[in-house]
Amino acid sequence: PAIESKRLRIAMQKSGRLSVDSQALLSSCGLKINLREQRLIAHVENMPIDILRVRDDDIPGLVMDGVCDLGIIGENVLEEVSLQRQLDQENFDYEVLARLDFGGCRLSIAVPQEENYQGVQSLDGKTIATTYPRLLARFLKQQGVNARIVMLTGSVEVAPRAGLADAICDLVSTGATLEANGLKEAEVIYRSKAVLIQRKGLTDAGQLKLIRKLMPRIQGVMQANE
Ligand code: ATP
Ligand code: ZN
């Protein structure tokens, strides 16, 4: 008798900007998911798949550590975690299976509206608050700018008014939040979308076959959305 495959584990955001679209994508691919219960793990009824619903920040690590087989995550978080793990000499391997058509946003540096911003050199000697210290540090280094980075995991946009920083580096989609906080976008440092990633070293034949079955469906759903 054939050896039975382990269930495929897919990590997605539990609640937030990616969760509705992630769930819709999987449903469109034919996965019957019972998400009524607010549980960490949801079993897919009609395929050997389990859905893990976690904070988005945990998804890259779960895939890179091989705890989950697939993950749906914003490139901004994926790249930030990847840079951090590289520095910490932890495993940061993964494969991108598809760039998805949701979760679009940009990571931008914003400064007070009244500031006379003259380009990146205006940031020299300034303090910038962000949730993405590694992506920001990489940008500043590339630009030859010396600025201090302050890490904040929330309410980044109020940091200048609160006197915690001169500028911020945060996610922007419409710019309304920036404006509401007296800030203006000065530099776009990273453009992001959601991606589907797979762990490296996935060898289970049954799981690989299942992924090969799902991929054309994902491409099909995205084409239908165009
Ligand atoms: P969690 O509780 O899972 O940690 P979160 O508050 O960190 O959630 P969300 O605000 O739900 O995260 O955003 C998740 C992802 O959605 C972002 O990392 C980004 O990839 C994407 N995104 C798309 N548009 C925006 C936006 N306007 N602002 C913030 N994130 C956005
Ligand atoms: Zn998060």
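Counting starts at 1 for both ligands and their atoms, following the listed order.
If you check which protein heavy atom lies closest to atom 30 (N) of ligand 1, you get L171 CD1, 3.3 Å. Looking from atom 8 (O) of ligand 1 to the surrounding protein, the closest heavy atom is Q13 NE2, 2.9 Å.
Salt bridge annotation for K184-E115: absent, with no cationic side-chain nitrogen under 4.0 angstrom from a carboxylate oxygen. Using a cutoff of 4.0 Å between basic side-chain nitrogens and carboxylate oxygens, R85 and D93 are not scored as salt-bridged.
S19 and Q13 form no side-chain donor-acceptor contact under 3.5 Å, judged by distance and modelled atom types alone. A donor-acceptor contact closer than 3.5 angstrom links the side chains of N181 and R161.
The G104 neighbourhood of ligand 1 comprises atoms 23 (C), 24 (N), with distances under 4.0 Å to a heavy atom of that residue. Listed by number with element, the atoms of ligand 1 under 4.0 Å from a non-hydrogen atom of G74 are 20 (O). In summary, the atoms of ligand 1 found under 4.0 Å from a heavy atom of V77, numbered by their order in the structure, are 18 (O). Close approach to G103 involves these atoms of ligand 1, each under 4.0 Å from a residue heavy atom: 21 (C), 23 (C). Taking every non-hydrogen atom of S173 and a distance limit under 4.0 Å, the qualifying atoms of ligand 1 come out as 26 (C), 27 (N). Heavy-atom proximity to G16, at under 4.0 Å, picks out these atoms of ligand 1: 11 (O). Short contacts between ligand 1 and L18, defined as distances under 4.0 Å to a heavy atom of the residue, involve ligand atoms 15 (C), 16 (O). Close contacts between ligand 1 and N76 involve ligand atoms 17 (C), 18 (O), 19 (C), 20 (O) [criterion: under 4.0 Å to a heavy atom].
Considering backbone and side-chain atoms together, R55 places an N or O closer than 3.5 Å to an N or O of ligand 1.
Closest non-hydrogen pair, I149 versus P133, comes out as CD1-O, 3.7 Å.
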Can D50 and R7 be said to form a salt bridge (charged side-chain N to carboxylate O under 4.0 Å, His left out), step by step?
-> CA-CA 6 Å; D50 291 335; R7 293 173 75 84; 2.8 Å; yes

Take I168 and L183 through the test side-chain contact (heavy atoms from CB on, under 4.5 Å) and record every step on the way to the result.
-> CA-CA 9 Å; I168 67 165; L183 301 170; 3.6 Å; yes

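Protein heavy atoms are found less than 4.0 angstrom from atom 28 (N) of ligand 1.
Side-chain contact check for I59 versus V54: some heavy-atom pair is nearer than 4.5 Å.
The neighbour count for R99 CZ, taken as heavy atoms of other residues, nucleotides or ligands under 6.0 Å away, is above 12.
The backbone and the side chain of D56 each have at least one atom closer than 4.0 Å to an atom of ligand 1 (non-hydrogen atoms only). Contacts between R17 and ligand 1 below 4.0 angstrom, taking non-hydrogen atoms only, involve backbone and side chain alike.
Note that OH of Y94 and CG of L70 are 14.5 Å apart. Values are rounded to the nearest 0.5 Å.
Within D57, the N, O or S atom lying nearest to the Zn ion (ligand 2) carries the name OD1. Within D56, the N, O or S atom at minimum distance from the Zn ion (ligand 2) carries the name OD1.
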